[in-house]
> 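Submitted below is the structure of interest, expressed as structure tokens.
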Number of protein chains: 2
Amino acid sequence: MRPRPTLAAVARLAGVSVSTASLAFSGAGPVSDATKARVAAAADELGYAGPDPRAQSLRRGRSGIIGVVIEERLSDAFRDPMNIALLDGIADVTGAAGSGLLLLTETGDDRAGISSAPMDAIILIGCSTSLEEAVAIVRQRGLPIVAVEARELEGVLPIGLDNRAASATGARHLRSLGHSDIGVVTLPLERSHVPRPLPADWERVATAHTSAERLRGVLDVYPEARGFAASASTIEAGREAGLALLAGDRATVPTAIVAQSDLLAIGVIRAADEVGMIVPGDLSVVGFDGIRGEVLGGIDLTTLVQPAVEKGRAAGRAALQLLDGGPAEPADFTSVFHPGGTTAPPRTR
Amino acid sequence: MRPRPTLAAVARLAGVSVSTASLAFSGAGPVSDATKARVAAAADELGYAGPDPRAQSLRRGRSGIIGVVIEERLSDAFRDPMNIALLDGIADVTGAAGSGLLLLTETGDDRAGISSAPMDAIILIGCSTSLEEAVAIVRQRGLPIVAVEARELEGVLPIGLDNRAASATGARHLRSLGHSDIGVVTLPLERSHVPRPLPADWERVATAHTSAERLRGVLDVYPEARGFAASASTIEAGREAGLALLAGDRATVPTAIVAQSDLLAIGVIRAADEVGMIVPGDLSVVGFDGIRGEVLGGIDLTTLVQPAVEKGRAAGRAALQLLDGGPAEPADFTSVFHPGGTTAPPRTR
DNA sequence: ATGAAAGCGCTAACAA
DNA sequence: TTGTTAGCGCTTTCAT
């Protein structure tokens with residue numbers, strides 16, 4: 001691997017000044033065609049691959065990179081279709097603008113990336129259980145910050161979702177069907193993703209904004225709902241939580257369960273199946289997200305459909321606007337209630 | 001957003017030279033504790049967030065970023081669990097080394113990223129249908145290149161998989177069961193991912209290395225096998241391909257199908273189901289990959305299990321070694337045949 | 001239309 | 001232990 005030729009070398013060979021060569025390269029600017037051609041020839045001969053992005057970054061004060069911070073390990077994060085949709089939406093916008101996406105995970109003490117990777121802006125997704133620290137670091141660096149579904153935070157542009165209202169809608173649907181005893185399976189509420197019954201002081205310990213909001217929405221309608229916090233947004237975690245809520249005498253068990261994600265809902269349905277309960281005959285189940293495809297196994301889930309890709313696009317757009325120095329539009333998305341086949345009136349007993 | 005303070009400013013405030021401040025910051029180097037403290041205090045007062053990564057990149061000639069090139073849109077790429085596993089393996093190694101992963105897609109004319117993003121090395125994954133161009137660009141830039149399951153290419157460090165041999169193993173399994181008429185559902189073979197029967201001149205038009213190798217493996221055992229090229233590695237594409245191969249009179253239809261991915265295999269099984277064929281009674285199905293989890297829907301697929309995460313780790317390690325200037329170890333992985341419940345002797349007819 | 005010069009913020013020699 | 005110096009490769013005034 002030869003040392004990479006520099007623009008200076010090209011200029012020298014072409015017999016022009018460095019600045020002229022630079023202009024000739026960028027295409028724009030007043031350069032005679034003859035000169036342009038000579039520069040091109042020289043570049044070709046030397047195998048010049050274009051301006052060094054590192055030098056460009058320094059000179060222009062821009063790296064062309066947008067960081068995306070994900071809380072978990074990639075394999076976990078990508079297990080949830082919502083994250084993928086979100087990322088896809090972001091990539092859609094930023095890719096079109098010529099910016100690359102730098103994937104940063106926040107696992108362990110791996111603050112390295114977030115505190116020192118070259119980036120022009122940062123988008124925080126799915127990292128609600130440890131927002132503060134990330135934000136503190138990034139803010140110190142003076143980078144524009146966009147956060148998807150995070151608690152309002154000084155200097156952070158929010159991309160929101162109507163988690164509380166939408167969840168309340170789902171709950172009211174159950175109420176209108178006649179359910180009076182329901183359970184909630186929440187997404188992880190705190191940093192320590194330990195599955196466990198919802199503690200009484202959850203409001204105090206909860207650091208995950210999305211989970212808390214969705215929970216509040218349900219409690220708005222069913223203040224007495226019992227809850228169980230799942231360990232992750234996976235089918236397996238949902239199943240576990242479902243088994244926990246459905247354990248015991250049939251008469252003492254909830255007649256409906258609101259799950260905070262569709263994957264959790266599928267897990268709950270599976271749990272119901274395992275304990276011999278029919279959905280929706282014996283148990284109604286409501287999800288959240290509106291995922292499509294294979295994982296559903298043909299189930300028409302009653303759920304709240306959120307515009308995940310659009311959310312991603314908005315986040316990407318906001319990041320681009322912020323780093324352009326312009327004011328960015330905070331966005332607020334609305335979920336749509338989808339009445340599916342997993343809810344029905346409770347069996348009279 | 002104030003202009004970001006520079007190291008020079010910190011040094012001035014602390015009353016030391018810039019180089020001393022630099023050393024004090026990096027922790028290493030001989031600096032008195034008193035000085036260190038003063039520098040720290042100054043940094044604190046100014047809100048200095050550490051060295052500017054852009055300047056560091058230029059000075060050190062390293063950006064700390066490793067590019068990962070994916071052929072398709074993210075949403076497509078992430079639909080295949082193998083890609084996620086691969087990425088996870090890569091992230092595992094590179095993350096530990098403090099390098100970030102820059103996600104680059106190769107969609108459309110978006111060569112921007114790959115030709116000008118700041119990176120120290122690049123890993124090509126799942127982009128076998130348009131390898132050459134990508135490699136040409138990157139090689140020009142003088143970046144170390146690692147390619148996963150790609151055709152041997154000058155200056156590209158290969159991370160291989162025994163695609164041909166493993167596929168042959170799967171085929172021989174079918175032969176030993178007594179099958180004589182089999183079909184193959186291949187992954188996309190060319191750039192234009194159009195689903196269609198395998199053309200006679202596939203060897204000439206195929207640009208996808210993995211698909212071609214797996215196909216050769218099957219043809220080594222069944223030279224007469226009929227093929228159908230799927231449009232992607234998805235269940236739906238597999239179903240489509242399956243329906244195509246299983247159309248027509250039961251007597252003229254293959255008794256076994258080798259699918260080049262597990263997702264395709266599941267699709268084929270679904271197709272079989274739709275045309276009223278029982279797996280494995282009426283039709284044996286072999287997959288490739290060894291995915292686990294929900295998508296399988298409880299099916300114990302006969303397949304070839306590849307070490308995807310390990311492959312990713314090897315790719316990450318290789319990239320790191322290359323950019324350290326050291327020689328890197330090409331790696332070659334082996335798939336393990338897993339005899340599952342989707343293959344059986346053909347029904348006598 | 002072209003050239004000269006001044007840094008972007010940092011680090012790594014080398015000197016003191 | 002600390003300071004001085006010289007760039008990394010490029011872009012952007014400003015002058016010609």
Side-chain angles (χ1 to χ4, degrees), chain A residues 2-40 42-43 46-64 115-120 140-143, chain B residues 2-40 42-43 46-64 115-120 140-143:
Chain A
R2 291 199 306 276
R4 198 184 148 148
T6 72
L7 187 55
V10 173
R12 202 174 317 122
L13 179 60
V16 297
S17 75
V18 197
S19 61
T20 303
S22 175
L23 289 182
F25 239 87
S26 64
V31 186
S32 77
D33 285 349
T35 314
K36 252 185 218 156
R38 267 187 311 137
V39 171
L46 293 176
Y48 179 68
D52 184 327
R54 287 178 292 249
Q56 268 183 319
S57 299
L58 177 57
R59 181 61 235 231
R60 303 223 256 233
R62 283 283 166 76
S63 63
S115 64
S116 72
M119 303 178 284
D120 300 333
Q140 171 100 328
R141 291 186 57 181
L143 297 178
Chain B
R2 292 198 308 275
R4 197 183 150 148
T6 71
L7 187 54
V10 174
R12 202 172 318 122
L13 179 60
V16 297
S17 75
V18 199
S19 62
T20 302
S22 175
L23 289 182
F25 241 87
S26 64
V31 186
S32 77
D33 285 348
T35 314
K36 252 185 220 156
R38 267 190 307 139
V39 171
L46 293 176
Y48 179 68
D52 183 328
R54 288 178 292 248
Q56 271 183 317
S57 299
L58 177 57
R59 180 62 237 234
R60 305 222 256 233
R62 282 283 166 74
S63 63
S115 64
S116 71
M119 301 178 284
D120 300 334
Q140 171 100 330
R141 291 185 58 182
L143 297 178

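Values in this document were obtained by computation on a predicted structure and should not be read as measured data. Values below: all heavy atoms of this structure, side chains included; hydrogens, waters and symmetry mates excluded.
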> When you check the phosphate oxygens OP1 and OP2 of dA4(C), does a side-chain N or O of Ser19(A) lie under 4.0 Å from one of them?
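False: Ser19(A) side-chain N/O out of range (4.0 Å or more) of dA4(C) OP1/OP2.
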> Taking 4.0 Å as the cut-off, does a side-chain nitrogen or oxygen of Thr20(A) come that near to OP1 or OP2 on dG3(C)?
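Yes.
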> Just N and O in the side chain of Ser57(A): are any of them under 4.0 Å from OP1 or OP2 of dC8(C)?
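So the side chain of Ser57(A) is outside the cut-off, no N or O lying under 4.0 Å from OP1 or OP2 of dC8(C).
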> Measure the CG-OG distance between Leu7(A) and Ser22(A) for me, rounded to the nearest 0.5 Å.
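Leu7(A) atom CG to Ser22(A) atom OG measures 5.5 Å (nearest 0.5 Å).
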> Indicate whether OP1 or OP2 belonging to dC10(C) is found under 4.0 Å from a side-chain N or O atom of Ser22(B).
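Answer is no, no contact under 4.0 Å.
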> Can a side chain N or O of Ser17(B) be found less than 4.0 Å away from OP1 or OP2 on dT2(D)?
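Checking Ser17(B) against dT2(D): no side-chain N or O falls below 4.0 Å of OP1 or OP2.
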> Is Arg60(B) salt-bridged to Asp120(B), cutoff N-O under 4.0 Å?
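Asp120(B) and Arg60(B): not salt-bridged.
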> Tell me what Thr35(B) touches on the nucleic acid: a base, only sugar-phosphate, or nothing, going by heavy atoms under 4.0 Å.
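Sugar-phosphate: the residue Thr35(B), judged by heavy atoms under 4.0 Å, touches backbone atoms but no base.
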> Rounded to whole Å, how long is the line connecting atom CZ of Arg62(A) with atom C1' of dG9(D)?
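That distance rounds to 19 Å.
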> Closest approach to the side chain of Val18(B), judged atom by atom: which nucleotide of dG9(C), dT11(C), dG9(D) is it?
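In terms of side-chain proximity for Val18(B), the closest of dG9(C), dT11(C), dG9(D) is dT11(C).
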> Do you know which two heavy atoms are closest between Arg4(B) and Arg141(A), and how far apart they sit?
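Nearest pair, atom of Arg4(B) first, then Arg141(A): NH1-O, 3.9 Å.
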> Can you tell me how far P of dG9(C) sits from CZ of Arg141(A), to the nearest Å?
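Atom CZ in Arg141(A) sits about 14 Å away from atom P in dG9(C).
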> Please pick, from dA6(C), dT11(C), dG9(C), the nucleotide with the shortest atom-to-atom distance to any side-chain atom of Arg59(B).
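Closest of the options to the side chain of Arg59(B): dT11(C).
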> Begin with the C-alpha distance, continue with both residues' side-chain angles, and end with the deciding distance and a verdict on side-chain contact (heavy atoms from CB on, under 4.5 Å) for Val10(A) and Val39(A).
CA-CA 7 Å; Val10(A) 173; Val39(A) 171; 4.1 Å; yes
> Send over the distance from Arg54(B) CZ to dG9(D) C1', rounded to a whole Å.
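Going from CZ in Arg54(B) over to C1' in dG9(D) covers 16 Å.
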> CG of Leu23(A) versus C1' of dT11(D): gap in Å, rounded?
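Atom-to-atom, Leu23(A) to dT11(D), this comes out as 9 Å.
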> Return the value, rounded to whole Å, for the distance between atom CZ of Phe25(A) and atom P of dT11(D).
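These atoms are roughly 10 Å apart.
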> Can you identify which nucleotide, out of dG9(C), dT11(D), dT11(C), has its nearest atom closest to the Pro51(A) side chain?
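Nearest nucleotide to the side chain: dT11(D).
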> Kindly say if Tyr48(A) contacts the phosphate of dG9(D), meaning a side-chain N or O under 4.0 Å from OP1 or OP2.
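Answer is no, no contact under 4.0 Å.
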> Counting just side-chain N and O atoms, does Gln56(A) come under 4.0 Å of either OP1 or OP2 of dG9(D)?
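Checking dG9(D) against Gln56(A), no side-chain N or O comes under 4.0 Å of OP1 or OP2.
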> Between Arg38(A) and Asp33(A), does any side-chain N to carboxylate O distance fall below 4.0 Å?
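No, this pair does not count.
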> Could you tell me the separation between the CG atom of Leu7(B) and the P atom of dA12(C), rounded to a whole number of Å?
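Result: 12 Å.
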> What is the distance from CZ of Arg60(A) to C1' of dG9(D), rounded to the nearest Å?
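That distance rounds to 12 Å.
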> Return the value, rounded to whole Å, for the distance between atom CZ of Arg38(A) and atom P of dA1(C).
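In whole Å, dA1(C) P and Arg38(A) CZ are 14 Å from each other.
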> Return the 5'-most residue of the pair Pro30(B), Ala55(B) with respect to DNA chain D, ranking by each residue's nearest nucleotide.
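Between the two, 5'-proximity favours Pro30(B).
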